[in-house]
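What follows is a set of notes on a single structure, which appears directly below.
Scope of the values below: all heavy atoms of this structure, side chains included, with no hydrogens, waters or symmetry mates. First listed ligand is number 1; within each ligand, the first listed atom is number 1.
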Amino acid sequence: MEKKIETKKIIFSGIQPSGNLNIGNYIGAISQWVNMQEKYNCIFSVVDYHAITVKQNPEELRRHILEITKIYLAAGIDPEKSIIFQQSAIPAHTELAWVLNCYGARIADLNKMTQFKDKSGKNQESASVGLYDYPVLMAADILLYNTEIVPVGEDQKQHVELARDIAKRFNNEYGDIFVIPQAVIRKDGARIMSLLDASKKMSKSDSNQNNCIALLDDIEVARKKIMRAVTDSGTDIEYDMENKPALSNLLTIYAILGNREIPRLVKDYRGKGYGDFKKDLADVVVKFLTNFQDKYNKISDADAQKVLEAGKKRAEAIAAKKLTEVRQAIGIG
Ligand code: AMP
Ligand code: TRP
């Protein structure tokens, strides 16, 4: 009888080295990745070519690339199990993006992308072509590795759907070259909101960093940010996204970083006020950050560099194979 070979599904995701990573990135993206390492073959990228769709300071960019790598490691991504690499180290990403620009992506698709509209704001005409084309590069990242699952926060769902559409269009024309990927979004915490305005997401590009808790924030600064976070009117601790969005956001952060269930938290805080709740939440956040930063501080830049180099070798081999298939299919290889 033929032996069935168990092949693990492939996961791909990435984060841009474009600012200080915050607990939104951790909760929405990285914490999911850590849990996926046993079950899947995981590839995690530091997507620096995405970061430059908005102008970056060269020194800061260089620092952020190593910082994110160390954050991946401190969060528990194991380079023995998963591939960690820098996107720009593998030219196949931009090469495939170009092919997909020509064969797969359409202007009508890109015009629908809400992230471009948000990021370009009122100045769409003067936004860079790179910012507009960003989702096609993201599709290339995903499709190069036969990725089946893309774990991301809610805001990236539209981009993953575009990658699916591009892959299907290309396959229709040139045969079964790409695996059709699927986004996976965690149920709670898919969208951690800003601490001072619960109608917008906590974002590492926010100009007011009091909106965010950065993973590398000074511990006492982080405590103050929580104590200053807005709450809703009323006095009871309730989870109600409609009527108490700010409080519900804080409950989500508490539950995930403190490893608790929201209904249980609500029960425990019955009869207590916002002040008590925020003080305890600040303790939970401080404990989480202290633990995280202890691990982070033990990792050197040289360690991070080594991880990126080893990851590059492994990722390169997979990417080159797919690019060759694509080039042959379209008649240039
Ligand atoms: P970005 O900060 O846009 O580069 O996002 C990196 C990853 O973190 C993506 O998977 C996002 O969906 C996720 N992410 C970013 N901000 C948040 C947030 N406020 N809540 C949950 N996930 C987020
Ligand atoms: N666009 C993603 C973000 O801002 C980052 C990203 C780039 C990505 N390429 C990817 C995420 C491929 C998942 C898969 O969050």
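The backbone N or O of Ser88 lies less than 3.5 Å from a partner atom in the side chain of Asp48, making a donor-acceptor pair. For the pair Asn249 (side chain) and Ile192 (backbone), a donor-acceptor distance under 3.5 Å is absent. The backbone N or O of Gly24 lies less than 3.5 Å from a partner atom in the side chain of Asn22, making a donor-acceptor pair. The closest donor-acceptor contact from the side chain of Gln56 to the backbone of Ala51 lies under 3.5 Å. In this structure a side-chain-to-backbone donor-acceptor pair under 3.5 Å is present from Ser300 to Asp303.
Classification of the Phe116-Tyr132 ring pair by plane angle, with boundaries at 30° and 60°, yields perpendicular. Using the six-membered ring where Trp is involved, Phe292 and Phe288 have ring planes that are parallel, under 30° apart on the 30 and 60° scheme.
Taking only non-hydrogen atoms, the option from Ile192, Asn22, Ile68, Val150 nearest to atom 20 (N) of ligand 1 is Ile192.
Applying the 4.0 Å criterion to heavy atoms of Val152 picks out, from ligand 1, the atoms 10 (O). Near Gln16, meaning under 4.0 Å from one of its heavy atoms, ligand 1 places the atoms 4 (O). When each atom of ligand 1 is checked for a heavy atom of Gly153 under 4.0 Å away, the hits are 10 (O), 11 (C), 12 (O). Shown in contact with Lys204 at under 4.0 Å from a heavy atom are these atoms of ligand 1, numbered in order with element: 1 (P), 2 (O), 4 (O). In summary, the atoms of ligand 1 found under 4.0 Å from a heavy atom of Gln156, numbered by their order in the structure, are 12 (O). Close contacts of ligand 1 with Ala29, meaning ligand atoms under 4.0 Å from a residue heavy atom, involve 7 (C), 8 (O), 10 (O).
In the hydrophobic clustering of ILVMFWY residues, with side-chain heavy atoms under 4.5 Å counting as a link, Tyr40 and Tyr72 come out together.
Heavy-atom separations between Asn25 and ligand 1 include at least one value shorter than 4.0 Å.
With no hydrogens or angles considered, no side-chain donor-acceptor pair links Ser45 and Gln86 at under 3.5 Å.
For Glu238, the salt bridge (Lys or Arg N to Asp or Glu O under 4.0 Å) test picks out Lys244, with sequence neighbours left out.
Between His93 and Tyr145, the gap from one ring centroid to the other is short of 6.0 Å.
The cationic atom of Lys278 (NZ for Lys, CZ for Arg) does not lie both less than 6.0 Å from the six-membered ring centre of Tyr274 and within 45° of the ring axis.
Considering backbone and side-chain atoms alike, Met193 places every N or O at 3.5 Å or more from each N or O of ligand 1. Between Asp155 and ligand 1, at least one pair of N/O atoms sits closer than 3.5 Å. Between Met202 and ligand 1, at least one N/O pair is under 3.5 Å apart. For ligand 1, none of its N or O atoms has an N or O atom of Ile15 under 3.5 Å away.
Heavy atoms of Arg191 found under 4.0 angstrom from ligand 1 belong exclusively to the backbone.
Contact residues of ligand 2 (protein heavy atom closer than 4.0 angstrom to a ligand atom; sorted by chain and number): Phe12, Ser13, Gly14, Gln16, Val47, His50, Tyr134, Met138, Asp141, Ile142, Val150, Val152, Gln156.
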